[in-house]
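In what follows, every chain begins at residue 1, and chains take the letters A, B, ... in the order their sequences are listed.
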Number of protein chains: 2
Amino acid sequence: MSNEAEILVIDDEAQIRKLLDITLRTNGYRVNEAQTAREGITKAASHPPDLILLDIGLPDGSGHDVLLKLREWFTNPIIVLSVLNSETDIVKALDNGANDYLVKPFRTGELLARIRSVLRKNQTDENNPVLQLGKLTIDFVARTIKKNNALLKLTSTEYQLLALFAKNEGKVLTHQYLLRMVWGPSYLNQTQYLRVFVAQLRKKIEDNPNQPKHIITESGVGYRFMAE
Amino acid sequence: MSNEAEILVIDDEAQIRKLLDITLRTNGYRVNEAQTAREGITKAASHPPDLILLDIGLPDGSGHDVLLKLREWFTNPIIVLSVLNSETDIVKALDNGANDYLVKPFRTGELLARIRSVLRKNQTDENNPVLQLGKLTIDFVARTIKKNNALLKLTSTEYQLLALFAKNEGKVLTHQYLLRMVWGPSYLNQTQYLRVFVAQLRKKIEDNPNQPKHIITESGVGYRFMAE
DNA sequence: AGGAAACTTGAAAAATGAGTAACGAAGCCG
DNA sequence: CGGCTTCGTTACTCATTTTTCAAGTTTCCT
């Protein structure tokens, strides 16, 4: 299977670059590399890739700046790489527009799965006012959500939250982002609300709320909504 | 197939206007253009089109105001255009009476499909002045409503409200939208009127007004009319 | 493995929203 | 002119939703 997608890797460690390069090429992707923040931005601008893998632990320019600069115009997916135990970095990156993250060291299987996921999502047009996600059907015009063609009764807050999840299928949404979008910017530390409402949503949309398949917890970071 | 429908495009970007103009004309529509909010309202008023395409990201008058002003009297469909990542705008626009939305950039196929969809819906209403919804029969010309073939005695306000519900079957209509359409834009906070008249309508059309099957309450948001 | 932090869950309290009845004013009609 | 209908308005009760709290569980980190 050939997929032709072009990926730009921005990382200062030669070893990681080498590893990524080989892994990605053997899986049919075209790969471009950048060693520094400046080089990354230049290469992304001169020849925009379909996806960027960005190490946010870069020595020059801290990686976060690169992300911000890229997001001023670059709309394709960006996956950030981070060392372990840097949740602050991850949350910050997701809040700044990263689509997903990977903690180093990562299994190549996981890397490829994440890449496929964000690339697939980018292809499907989310313009449609009726969104079909597995068993769930969301109609943004009628403001209804169906599970297996049965209308779900959701409160206003529940609907907003689920609609937000659905529009960002597969992407990790941080606590802060969700709180800002649904409750407003003055509720950023009310993580508890989120927990309560996620529990309620799970009761309504999951087949087995104890083992959620749709709303996945990303501990310390946020939640991720999966269609299947 | 020639359809002759007339479409008014309100957008400040010349490129988009050009694109829409060509696409629509080659598909048999008559097209009129407006560059600003004021021009849009004037043109819509002087020569009402069958459909309006409105960019809600207009520089002057913010687009939302145009929608509100138009909806004070314009009853034909309005499709709003919005840039990506402005979900708040879209939700607001739908609440204020937009019939559908498109996220820029859009595929022309999708644009045409949406236009056909809303026009078809609107046409069946006019061609077929009698709307059959479950046990209810609504005759827009005679301004009469029957339940099981028995003529219902409705007051003018009740009729307006029910007709509005019927035209938007299945869709949530917000308090504000209903108030604006039935009472006018200066009654937006008189939610109580709505409650009173909804109660009266339920007494007349529901089999069991305590457990309404037709006019469903969406707490904190508005009401939804269901045929079955 | 063990302690701390983060998460889940159920249920109460508080806040907000909805439904109902009733009444005066305005308009209509005989 | 006087009865009837409809609308706007108010007061009150009831229902739903949101928030808060508390107890139990999982996950994370050393």
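- Asn210(B) has no side-chain polar atom (N or O) that falls below the 4.0 Å cut-off from OP1 or OP2 of dG19(C).
- Using a 4.0 Å heavy-atom cutoff across all strands shown, Tyr223(B) reaches sugar-phosphate atoms only and no base atom.
- With dC7(C), dC7(D), dT19(D) as the candidates, the nucleotide lying closest to the side chain of Val196(A) is dT19(D).
- An angle of 30°, rounded to 10°, separates the two end axes of the helix from dA1(C)-dT30(D) to dG30(C)-dC1(D), each defined over five pairs.
- For Tyr193(A), the listed nucleotide lying nearest its side chain is dT20(D); candidates were dT20(D), dC7(D), dA18(C).
- Screening Gln132(B), Lys147(B), Lys146(B) against Thr137(B) for a side chain to side chain donor-acceptor pair (under 3.5 Å) leaves a single residue, Gln132(B).
- The side-chain contact (heavy atoms from CB on, under 4.5 Å) test applied to Thr217(B) returns Arg202(B), Tyr223(B), not counting sequence neighbours.
- Between Gln200(B) atom CD and dC23(C) atom P there is a gap of 16 Å when expressed in whole angstrom units.
- Between the side chain of Gln192(B) and the base of dT20(C) there is at least one donor-acceptor pair of N/O atoms closer than 3.5 Å.
- Distances from the side chain of Arg195(B) to the nucleotides dC7(C), dG17(C), dC21(D) place dG17(C) closest.
- For Gln190(A), whose side chain is taken as the heavy atoms from C-beta onward, the closest listed nucleotide among dC7(D), dT10(D), dT20(D) is dT20(D).
- For Lys153(A) and dT16(D), the NZ to C1' distance is 8 Å, given to the nearest whole Å.
- In this structure the side chain of Val141(A) reaches within 4.5 angstrom of the side chain of Asp100(B), judged on heavy atoms.
- One finds a side-chain N or O of Trp183(A) lying less than 4.0 angstrom from the OP1 or OP2 phosphate oxygen of dT19(D).
- The listed nucleotides are dA18(C), dC7(C), dT6(D); the one nearest the side chain of Thr155(B) is dT6(D).
- Residue Thr191(A) is the one, among Lys203(A) and Thr191(A), whose nearest nucleotide of DNA chain C lies closer to the 5' end (criterion: closest heavy atom).
- Regarding contacts with the backbone of dT27(D), every side-chain N or O of Thr217(A) stays at 4.0 angstrom or more from both OP1 and OP2.
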